[in-house]
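Structure first, commentary second.
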Amino acid sequence: MRVLVTGASGFVGGAVARRLLLDATTSVRAVVRREAAALPAGAQRAHVADLSGATEWSQAVADVDVVVHAAARVHIMSDTAADPLTESRRVNVEGTLNLARQAALAGARRFIFLSSIKVNGERTMPGRPFTADDVPAPVDPYGQSKHEAEVALRRLSEETGMEVVIIRPVLVYGSGVKGNFKSMMRLLETGLPLPLGAIPNQRSLVALDNLVDLLAVCLRHPGAANQTFLVSDGEDLSTTALLRRMSAAMGVTARLFPVPVSLLAAAARLAGKADVAQRLFGSLQVDITRTRSLLDWSPPHALDESLRKAASARNNP
């Protein structure tokens with residue numbers, strides 16, 4: 001099988017490429033935007049300078065069976081673009097559809113799109129996890145652009161017959177993780193007391209290795225065709241429980257003391273950090289029943305094992 005992986009120098013795309021190269025029956029053409037970007041040994045390099053509706057993909061998609069599209073304009077906390085939605089659409093909608101259309105014309109049989117749980121929304125109510133059948137309710141430009149890309153890809157699939165697989169991961173963590181997850185590990189390393197000892201929320205996470213395993217299954221599984229899948233580790237945690245288990249994985253002590261969430265949330269709002277409060281105190285759970293049943297798949301890597309792997313790599317550049 002010949003697979004094109006976009007975003008192959010990134011956190012998820014690089015891990016996908018490395019995993020697929022372990023299979024002697026699979027060849028990997030890895031797309032990068034920087035010509036000097038490092039790639040896993042054995043991957044064929046394809047350089048694309050930009051991801052937009054005008055990008056030329058004919059050489060990259062030639063003779064490819066499956067495309068795994070992991071490249072994107074990602075969620076940005078402090079977006080400095082004059083019009084974040086327009087810029088997100090340029091990359092995540094127009095760029096994705098352009099790639100998919102050219103892949104279909106070149107004869108690719110399947111297109112796997114790495115979307116986001118943000119298509120479903122930003123939070124869940126107790127006992128009501130997100131499912132793949134929920135009416136989409138994206139809030140920010142990133143989530144909205146991912147939703148629009150999903151709609152366009154389904155339409156293209158109907159027109160061309162190319163199978164489309166959509167995967168909406170929750171927060172991904174693992175070796176090389178950055179952003180809020182890495183910041184949380186650094187905060188725990190300081191040993192500072194944190195007022196997060198009584199957060200009663202529930203959040204789903206997915207280890208990078210579990211996400212990559214699911215993507216690998218979706219390359220060939222007939223049940224994946226034209227489906228949308230949510231993915232997680234299958235174990236949900238409160239912020240407090242996550243901090244405790246993360247600290248155990250790191251070999252440090254979590255110094256947490258209880259403060260009512262109402263007080264913490266009020267302080268965050270006054271500081272202009274309501275979005276941070278939502279991620280720390282709100283719930284976001286997903287139901288992966290469909291993923292399990294249609295693909296006969298379960299997350300192969302346990303949460304604590306995956307936290308230890310992330311912790312062991314936390315000081316790597």
Side-chain angles (χ1 to χ4, degrees), residues 1-51 55-72 74 95-96 98-100 102-115 162-167 169 172-178 206-222 224-225 229 231 295 297 299-301 305-306 308-310 312-317:
M1 176 180 288
R2 293 156 298 191
V3 182
L4 181 76
V5 179
T6 70
S9 60
F11 178 52
V12 176
V16 171
R18 289 190 294 273
R19 164 64 184 272
L20 298 184
L21 285 165
L22 296 176
D23 184 349
T25 68
T26 301
S27 64
V28 174
R29 187 174 297 159
V31 179
V32 293
R33 296 191 198 182
R34 294 182 297 106
E35 291 191 57
L39 288 179
Q44 177 187 353
R45 181 183 298 270
H47 174 243
V48 175
D50 190 28
L51 181 59
T55 303
E56 174 56 53
W57 288 95
S58 58
Q59 291 187 349
V61 298
D63 302 319
V64 162
D65 298 305
V66 180
V67 174
V68 178
H69 186 37
V74 299
T96 296
N98 177 43
L99 166 60
Q102 292 188 48
L105 288 172
R109 63 173 181 81
R110 182 169 287 188
F111 189 96
I112 301 175
F113 179 54
L114 194 69
S115 186
M162 181 177 67
E163 297 168 352
V164 168
V165 183
I166 294 167
I167 298 177
V172 185
Y173 68 96
S175 298
V177 67
K178 298 179 181 178
V206 63
L208 178 62
D209 289 342
N210 284 334
L211 174 59
V212 168
D213 189 79
L214 178 63
L215 286 162
V217 168
C218 286
L219 289 182
R220 293 180 169 87
H221 201 296
F229 298 109
V231 57
L295 302 178
W297 178 86
H301 301 278
E305 165 203 341
S306 300
R308 284 192 294 272
K309 188 171 183 179
S312 66
R314 66 186 183 275
N315 294 320
N316 294 344

How close do [X] and [Y] get, counting heavy atoms only, and between which atoms?
| X | Y | value |
| --- | --- | --- |
| Ser306 | His301 | OG-CB, 3.7 Å |
| Ala216 | Leu20 | CB-CD2, 4.2 Å |
| Ala38 | Ser9 | O-CB, 4.1 Å |
| Ser27 | Arg2 | OG-CG, 3.3 Å |
| Tyr173 | Ala310 | CD1-CB, 4.4 Å |
| Asn210 | Trp297 | O-CZ2, 3.5 Å |

Give a yes or no on whether the backbone of [Y] and the side-chain of [X] come within a donor-acceptor separation of less than 3.5 Å.
| X | Y | result |
| --- | --- | --- |
| Glu56 | Ser58 | yes |
| Thr6 | Val31 | no |
| Gln59 | Ala46 | no |
| Arg110 | Cys218 | yes |

So do the side chains of [X] and [Y] get within less than 4.5 Å of each other, counting heavy atoms only?
| X | Y | result |
| --- | --- | --- |
| Arg220 | Asp65 | no |
| Leu211 | Leu114 | yes |
| Val12 | Leu208 | yes |
| Val231 | Ile167 | yes |
| Val61 | Leu99 | yes |
| Ile112 | Leu219 | yes |

The test is side-chain contact (heavy atoms from CB on, under 4.5 Å); show your working for Leu214 and Leu295 and say whether it passes. CA-CA 9 Å; Leu214 178 63; Leu295 302 178; 3.4 Å; yes
Starting from the C-alpha separation in whole Å, work towards a yes-or-no answer on side-chain contact (heavy atoms from CB on, under 4.5 Å) for Trp57 and Leu51. CA-CA 10 Å; Trp57 288 95; Leu51 181 59; 3.5 Å; yes
Stepwise side-chain contact (heavy atoms from CB on, under 4.5 Å) test for Gln102 and Val67: CA-CA 11 Å; Gln102 292 188 48; Val67 174; over 6 Å; no
Would you call Asp209 and Arg19 a salt bridge, taking side-chain N to carboxylate O under 4.0 Å as the test?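 No, this pair does not count.
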Contacts of type ring-ring contact (aromatic ring centres under 6.0 Å, His included), residue Phe111, not counting sequence neighbours: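 Only His69 meet the ring-ring contact (aromatic ring centres under 6.0 Å, His included) criterion with Phe111.
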What's the spacing between Arg34 CZ and His47 NE2 if we round to 0.5 Å?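 Arg34 atom CZ to His47 atom NE2 measures 9.5 Å (nearest 0.5 Å).
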Walk me through whether Met1 and Thr25 qualify under side-chain contact (heavy atoms from CB on, under 4.5 Å). CA-CA 6 Å; Met1 176 180 288; Thr25 68; 5.8 Å; no
